[in-house]
Amino acid sequence: MDLRLDLEDVSFVKTLIQGCNVECGALLGELDLPGDCLEPGGTYRVSFADYVRILRRLVEVSGDETCTGSARRILVGTTPFLLGGVSKNTTLREAFQRLADGYNFAHGGSYNRVQASSNRLIYIVDDTDFPYSHADFSRDRHPFIESILVSLHGLFGRLAGQSLADRVLRVTTRRPADDPRGSFLKFWHAPVQRGAEYYSIQYDGRIADWPVQPIDEAAYLSIFDAATGLLDDNTEAASGGDYWTRRTGQLITSGAAIQSEAVAASLGLSPATLRRRLAGEGANFRSLRAGALNARARRLLALGEPAHKVAAALGFADLRSFSRAFKGWNRVTPTAFQAGPGTAQE
């Protein structure tokens with residue numbers, strides 16, 4: 001499934017097309033898109049994939065990775081060049097910083113930066129005083145930069161060698177808090193903060209020291225190519241589903257967090273917000289915690305871990321309280337479970 005974009009979130013593309021000295025209808029026809037798809041009254045809603053195709057064509061036509069959105073052009077090949085300098089032994093934090101430094105050099109200002117702590121790895125885009133090439137574009141910049149965040153996220157996932165969808169804790173945008181629009185914001189699993197000081201993607205800090213995986217930098221004409229294929233992995237959040245239920249269970253089962261406060265913090269939420277999100281999916285923390293702890297207990301016991309160590313790993317005060325809980329979940333004691341798997345109910 002592909003994300004369909006609201007007209008107000010793609011209307012700025014007409015400004016980019018004009019800046020590239022291209023006839024809008026001809027370019028859209030070349031891409032087999034309706035000539036009125038960027039106009040009020042058009043019946044076709046542009047998809048995320050359509051949007052990426054349009055911008056890629058504009059990059060090719062203009063020779064500029066910003067599609068003339070910036071008064072200071074970024075030559076085609078800048079992103080591949082930056083990626084080519086990221087070695088296999090580089091960590092994600094170092095790769096983030098190299099990309100930020102490279103884009104800042106190309107733009108002639110400190111518009112990208114990275115913040116790293118034990119809890120979060122944050123890539124920030126701050127367009128304060130950015131040299132936009134068109135006044136109209138400057139006013140309508142929010143969807144453009146929000147789409148860049150999605151593209152950066154895709155690039156970071158390629159560098160990590162896996163999807164980072166479940167590692168995003170929060171996304172921020174400078175779009176006003178009272179502006180309900182934002183088609184690209186529907187992409188994210190994580191909470192989105194509007195009216196923020198800057199645009200950012202905030203990841204779980206534990207990914208900072210992950211090694212970068214080799215990628216084919218020649219596959220990237222610009223940053224927008226990194227978004228290709230992302231929607232297949234990330235549309236669940238936009239369409240609802242059981243995302244918060246699954247993430248809560250995963251955190252508890254993995255041992256990363258057990259108490260509601262710790263789980264909520266790991267997801268970038270308050271405990272009250274987590275309760276509301278779970279309730280919206282027909283779940284509650286107490287039941288999820290019991291199920292996740294039971295799954296982890298059974299796995300550890302099946303591996304031969306002593307019951308008292310399993311109790312400690314799961315956060316129980318003592319073996320007795322763990323045994324009582326385990327028997328309530330499985331109708332057998334931990335000792336009986338280890339003695340014969342056939343005695344435990346699945």
Side-chain angles (χ1 to χ4, degrees), residues 3 115-124 142 146 149-150 153 163-208 233-297 311-317 321-322 324-325 328-329:
L3 183 65
Q115 291 182 359
S117 68
S118 59
N119 297 322
R120 302 206 175 194
L121 177 63
I122 307 175
Y123 192 95
I124 295 170
H142 300 305
E146 288 160 0
L149 291 183
V150 176
H153 175 65
S163 171
L164 295 178
D166 289 352
R167 298 289 180 168
V168 180
L169 302 181
R170 185 178 297 274
V171 174
T172 68
T173 175
R174 296 187 70 184
R175 183 185 292 271
D178 59 355
D179 183 351
R181 300 173 299 173
S183 300
F184 294 105
L185 300 177
K186 297 176 183 178
F187 169 87
W188 299 101
H189 288 165
V192 174
Q193 177 187 344
R194 300 168 188 255
E197 181 182 354
Y198 45 67
Y199 304 88
S200 73
I201 316 173
Q202 303 183 13
Y203 293 97
D204 183 335
R206 287 172 291 188
I207 74 169
D233 297 329
N234 293 275
T235 48
E236 182 177 355
S239 60
D242 61 349
Y243 174 75
W244 299 107
T245 299
R246 289 190 299 103
R247 286 293 289 125
T248 297
Q250 289 167 359
L251 286 169
I252 299 172
T253 302
S254 68
I258 296 176
Q259 303 303 325
S260 61
E261 293 80 5
V263 172
S266 296
L267 295 172
L269 306 174
S270 68
T273 299
L274 176 59
R275 286 195 296 271
R276 288 195 297 269
R277 296 283 173 88
L278 292 175
E281 296 177 355
N284 65 78
F285 185 83
R286 183 176 181 181
S287 296
L288 288 174
R289 182 177 184 273
L293 287 179
N294 186 34
R296 190 173 177 215
L314 269 57
F316 284 89
S321 58
F322 166 62
R324 183 167 57 249
W329 297 331

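Only heavy atoms go into these numbers, but all of them, side chains included; no hydrogens, no water, no symmetry mates. FYI, the numbering just counts along the sequence from 1. Please read these numbers as outputs of a predicted model, since none were measured by experiment.
- For the residue pair His142 and Tyr199, a side-chain donor N or O sits within less than 3.5 Å of a side-chain acceptor on the partner.
- The distance from atom CG of Asp166 to atom CD1 of Ile207, rounded to the nearest 0.5 Å, is 12.0 Å.
- Nearest approach of Ala292 to Gly249, heavy atoms of both residues: CB-O, 3.8 Å.
- Under the rule for a side-chain contact (heavy atoms from CB on, under 4.5 Å), Glu197 has no partner lying at least two apart in sequence or in another chain.
- Between the OG1 atom of Thr248 and the CG atom of Leu274 there is a distance of 4.5 Å, given to the nearest 0.5 Å.
- Looking at residues two or more places apart in sequence or on another chain, you find no side chain to side chain donor-acceptor pair (under 3.5 Å) involving Arg194.
- Shown here are the salt bridge (Lys or Arg N to Asp or Glu O under 4.0 Å) partners of Arg175, two or more places apart in sequence or in another chain: Asp9, Glu146, Asp179.
- Annotation for Val263 and Phe285: closest pair CG2-CE1, 3.9 Å, computed over non-hydrogen atoms.
- Of all heavy-atom pairs between Val168 and Ala190, the closest is O-CB, 3.4 Å.
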For side-chain contact (heavy atoms from CB on, under 4.5 Å), just list the numbers for Trp188 and Leu149, CA-CA rounded to whole Å, side-chain angles, deciding distance to a tenth of an Å, and then say yes or no.
CA-CA 10 Å; Trp188 299 101; Leu149 291 183; 4.1 Å; yes
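- Taken to the nearest 0.5 Å, the CZ atom of Arg170 stands 14.0 Å off from the CD1 atom of Ile201.
- Tested against Tyr203, the residues Leu169, Ile122, Leu164 include a single side chain to side chain contact (heavy atoms under 4.5 Å, CB included) partner, Leu164.
- Applying the side chain to side chain donor-acceptor pair (under 3.5 Å) criterion to Arg276, with sequence neighbours excluded, gives Thr273.
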Are Arg296 and Ile252 close enough, and set up right, to give a side-chain contact (heavy atoms from CB on, under 4.5 Å), and what steps lead you there?
CA-CA 8 Å; Arg296 190 173 177 215; Ile252 299 172; over 6 Å; no
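- Partner of Gln202 under the side-chain hydrogen bond (donor to acceptor under 3.5 Å, both in side chains) criterion, out of Arg120, Arg167, Gln193: Arg120 alone.
- Considering all non-hydrogen atoms of both residues, Tyr198 and Gln115 come closest at OH-OE1, 4.3 Å.
- Contacts of Ala290 classified as side-chain contact (heavy atoms from CB on, under 4.5 Å), with partners at least two apart in sequence or in another chain: Trp329.
- For Arg275, there are no salt bridge (Lys or Arg N to Asp or Glu O under 4.0 Å) partners, not counting sequence neighbours.
- In terms of heavy atoms, Thr245 sits closest to Ala283 at OG1-CB, 3.6 Å.
- Nearest heavy atom pair, residue Ala165 against residue Ser163, reads N-OG, 3.2 Å.
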